[in-house]
Amino acid sequence: MLEEALREISRGSAEIIDIERIEKLLKAFFDEGKNYTVKCGFDPTAPDLHLGHTVLLQKLATFQKYGAIVQFLIGDFTATIGDPTGKSATRKVLTKDDIIKNISSYTTQAFKILDESKTEIVYNNDWLEKLGAIGMLELSSTLTVARMLERDDFSKRFASQTPIAVSEFIYPLLQGYDSVHLKSDIEIGGTDQKFNLLMGRQLQKVYDVKKQQAVLMMPILEGLDGVQKMSKSLNNYIGVTDEANDMFGKVLSISDDLMWRFYELLSAKTLDEIAQLKIGVEDGTLHPKKVKEELSMEIVERFHSKDFAISAKEEFDKVHAKSQIPTDIPEFSCDGEIWIAKALLDCNIEPSTSQARRDIKQGAVKINQEKISDMQLQLSAGEYILQVGKRKFAKLKVN
RNA sequence: GGUGAGAUAGUCAAGUGGCCAACGACGGCAGACUGUAAAUCUGCUCCCUAUGGGUUCAGAGGUUCGACUCCUCUUCUCACCA
């Protein structure tokens with residue numbers, strides 16, 4: 001039992017520091033039903049979570065299954081400084097209203113995965129604001145510049161003479177101080193957070209918390225392209241609020257290799273079950289597409305519902321496998337005869353008439369499933385299903 | 001504060017007076033192929049009812065028959081020095 005718990009907890013992790021501590025905590029839970037705390041910080045800058053963020057949530061949920069109380073830390077104070085991680089530019093400052101709005105959308109999304117009864121939401125502004133200038137000085141005296149420069153990110157930037165703001169030095173300290181205040185037993189985060197996570201250990205020692213948090217780091221999830229990390233700005237993400245059909249299609253579009261990564265980091269299936277699937281695919285008894293469909297269904301079901309998952313799958317088969325027309329397509333109408341290129345533009349499936357002409361020339365445009373090639377085509381009264389490529393559809397009623 | 005370099009399409013990045021709607025790369029879109037929206041190959045990638053017209057190369061002026069290219073000012077970025 002303990003062994004299985006440890007296996008599930010370390011599943012997919014990039015690095016664990018002080019696993020002995022985790023083992024002890026688990027043992028205490030299994031033997032005496034003792035709880036412990038797992039801290040995880042979230043930055044309330046963007047309102048929407050994507051699957052990349054849920055890797056951590058998933059891990060927290062696993063911990064909850066084995067007795068953890070999650071400290072869901074909202075970094076409302078630290079958000080105003082900006083974490084230096086991987087960024088050279090200073091980030092824009094958020095207003096209180098923005099933050100409040102972001103947080104509420106955050107937590108509703110997070111509780112689709114986390115057990116609310118085992119989660120404490122805490123805001124670091126509550127204690128960091130009270131720290132004051134003296135407390136801040138005290139805090140910053142615990143660390144030397146040399147030590148700070150050990151951080152990979154800083155040393156690289158220092159060596160290449162990229163500017164480092166002094167406030168950026170403060171960020172890891174504050175994050176570490178959060179762990180002091182919360183007396184966390186374990187903290188989890190992405191691999192890019194290593195330095196900050198270790199700072200928690202260090203400060204807990206300095207401030208005499210009597211225990212040092214164990215640290216578990218999760219790798220950064222790749223985006224749809226399978227190469228770069230999933231992020232909104234790269235537009236390779238699957239948002240947890242994406243529509244069921246979209247979400248299903250996006251998951252299905254990842255490569256077969258990436259699929260296993262998603263299974264490891266996102267699926268609720270056990271490692272044994274996943275190993276079974278892998279064997280099935282390797283010896284040819286299981287079609288990789290089937291396996292991927294299963295993953296897609298699981299993910300859609302988690303963020304929407306089982307019914308949505310089933311209908312998303314049916315819809316996908318209908319449109320892509322049998323190349324039929326989707327059920328829900330936007331409808332438009334217009335008065336009088338209309339030129340085809342203009343019609344495509346009005347129905348929002350082409351950005352300009354120039355683009356529409358190019359696509360007609362290429363044979364990408366279909367009306368009622370029939371390919372057209374006449375650039376000058378006028379649509380007279382009637383109903384038409386317009387289609388560009390495989391994915392863009394519109395229904396147009398010409399009066 | 002001083003000095004120097006730079007700002008070109010979604011991004012990176014060529015172009016140093018007409019050959020420029022602007023090389024190339026990435027991204028994006030489409031076609032073929034496929035279990036898939038993956039991989040691969042091919043085409044397209046400012047706008048406009050188009051063998052033509054219009055508006056673009058940080059912004060504002062100027063020189064010129066003609067400017068992304070030269071000059072002046074402005075804004076912003078970056079580097080070096082203090």
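Per chain, numbering begins at 1; letters A, B, ... match sequence-line order. Note: hydrogens, waters and symmetry copies are ignored here, and every other heavy atom, side chains too, is used.
- Mapping A/F316 and A/G389 onto RNA chain B via the closest heavy atom, the residue that lands nearer the 5' end is A/G389.
- Residue A/M259 contributes atom CE, which lies 11 Å from atom C1' of B/rU36 at whole-angstrom precision.
- For residues 337-346 of chain A, every residue pair satisfying the salt bridge (Lys or Arg N to Asp or Glu O under 4.0 Å) rule, not counting sequence neighbours, is listed here: A/K342-A/D346.
- The distance between atom CG of A/L258 and atom P of B/rA37, rounded to the nearest whole Å, is 17 Å.
- For the pair A/K250 and A/Y237, the cation-pi criterion (under 6.0 Å, within 45° of the ring axis) is fulfilled.
- The 12-atom threshold is exceeded at CZ of A/F29, counting heavy atoms of other residues, nucleotides or ligands nearer than 6.0 Å.
- A donor atom on one side chain and an acceptor atom on the other are found under 3.5 Å apart for A/D283 and A/T285.
- Separation of the P atoms belonging to B/rA58 and B/rC12 is 14 Å when rounded to the nearest angstrom.
- At whole-Å resolution of the value, CD in A/E350 and P in B/rG28 are 17 Å apart.
- In this model, a side-chain donor or acceptor of A/Q362 finds a partner on the base of B/rG43 within 3.5 Å.
- Between B/rA38 and B/rU49, the distance separating the two P atoms is 32 Å to the nearest Å.
- Residue A/K290 qualifies as open at atom NZ: its count of foreign heavy atoms under 6.0 Å is 12 or below.
- Nucleotides B/rC73 and B/rC78 place their P atoms 23 Å apart, quoted to the nearest Å.
- Atom NZ of A/K392 and atom P of B/rA30 are 5 Å apart (whole Å).
- Other residues, nucleotides and ligands place more than 12 heavy atoms under 6.0 Å from the NZ atom of A/K392.
- Judged purely by atom type and a 3.5 angstrom limit, A/Q64 uses its side chain to pair as donor or acceptor with the backbone of A/K118.
- Base-pair partner of B/rC80: B/rG2 (Watson-Crick or G-U wobble, both distances under 3.5 Å).
- Using the Watson-Crick or G-U wobble rule with both distances under 3.5 Å, B/rU16 pairs with nothing in any strand shown.
- Here A/D257 lies out of heavy-atom contact (under 4.0 Å) with every strand.
- Taking a pair to require two hydrogen-bonding distances under 3.5 Å in either a Watson-Crick or a G-U wobble arrangement, B/rA50 remains unpaired.
- Residues of residues 288-305 of chain A that place a heavy atom closer than 4.0 Å to RNA chain B, in numerical order, are A/K289, A/K292.
- Comparing the P positions of B/rG2 and B/rU64 gives an interatomic distance of 34 Å, to the nearest angstrom.
- Under the Watson-Crick and G-U wobble criteria, each requiring two contacts below 3.5 Å, nucleotide B/rA21 is left unpaired.
- For B/rC68, there is no paired nucleotide, since no Watson-Crick or G-U wobble pair has both relevant distances below 3.5 Å.
- Here B/rA30 sits opposite B/rU42 as a Watson-Crick or G-U wobble pair (both hydrogen-bonding atom distances under 3.5 Å).
- Between B/rU55 and B/rC46, the distance separating the two C1' atoms is 8 Å to the nearest Å.
- Taking the P atoms as reference points, B/rA9 lies 16 Å from B/rG15, given to the whole Å.
- Distance CG (A/L252) to C1' (B/rA38): 10 Å, rounded to an integer number of Å.
- Atom CD of A/E383 has more than 12 neighbouring heavy atoms from other residues, nucleotides or ligands inside a 6.0 Å radius.
- Rounding to whole angstrom units, CG of residue A/L344 and P of B/rC29 are separated by 17 Å.
- Nucleotide B/rA5 carries an anti base; the chi torsion (O4'-C1'-N9-C4 or O4'-C1'-N1-C2) is more than 90° from 0.
- Within 6.0 Å of atom CG in A/L137, more than 12 heavy atoms from other residues, nucleotides or ligands are found, so the atom counts as buried in its surroundings.
- Comparing B/rG6 with B/rG27, their C1' atoms sit 25 Å apart, to the nearest whole Å.
- The base-pairing partner of B/rA7, taking Watson-Crick or G-U wobble contacts with both distances under 3.5 Å, is B/rU75.
- When each of A/S255 and A/K342 is assigned the nucleotide of RNA chain B with its nearest heavy atom, A/S255 is the one assigned upstream, toward the 5' end.
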Between protein and nucleotides 45-48 of chain B, what N or O pairs are separated by less than 3.5 Å?
| from | atom 1 | to | atom 2 | distance (Å) |
| --- | --- | --- | --- | --- |
| B/rC47 | OP1 | A/S352 | OG | 3.0 |
| B/rC47 | OP2 | A/R358 | NH2 | 2.9 |
| B/rC48 | OP1 | A/T353 | N | 3.2 |
| B/rC48 | OP1 | A/T353 | OG1 | 3.4 |
| B/rC48 | OP2 | A/S352 | OG | 3.4 |
| B/rC48 | OP2 | A/T353 | N | 3.0 |
| B/rC48 | OP2 | A/T353 | OG1 | 3.0 |
| B/rC48 | OP2 | A/S354 | N | 2.8 |
| B/rC48 | OP2 | A/S354 | OG | 2.9 |
| B/rC48 | O5' | A/T353 | OG1 | 3.2 |

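- Between the side chains of A/S179 and A/Q204, no donor-acceptor pair of N or O atoms lies under 3.5 Å.
- Heavy atoms of A/G249 sit under 4.0 angstrom from at least one base atom.
- Taking only distance into account, the side chain of A/D317 never meets the base of B/rG35 through a donor-acceptor pair shorter than 3.5 Å.
- Heavy atoms of A/Q378 sit under 4.0 angstrom from at least one base atom.
- When the P atom of B/rA50 is taken as reference, atom CG of A/D374 falls 15 Å away, rounded to whole Å.
- Of the candidates A/E294, A/E8, A/E264, A/E294 is the only one forming a salt bridge (Lys or Arg N to Asp or Glu O under 4.0 Å) with A/K269.
- Of the charged side-chain nitrogens involved, at least one lies within less than 4.0 Å of a carboxylate oxygen, so that A/E298 and A/R302 count as a salt-bridged pair.
- Between A/D246 atom CG and B/rU36 atom P there is a gap of 19 Å when expressed in whole angstrom units.
- A distance of about 11 Å separates the P atoms of B/rC70 and B/rG18, rounded to the whole Å.
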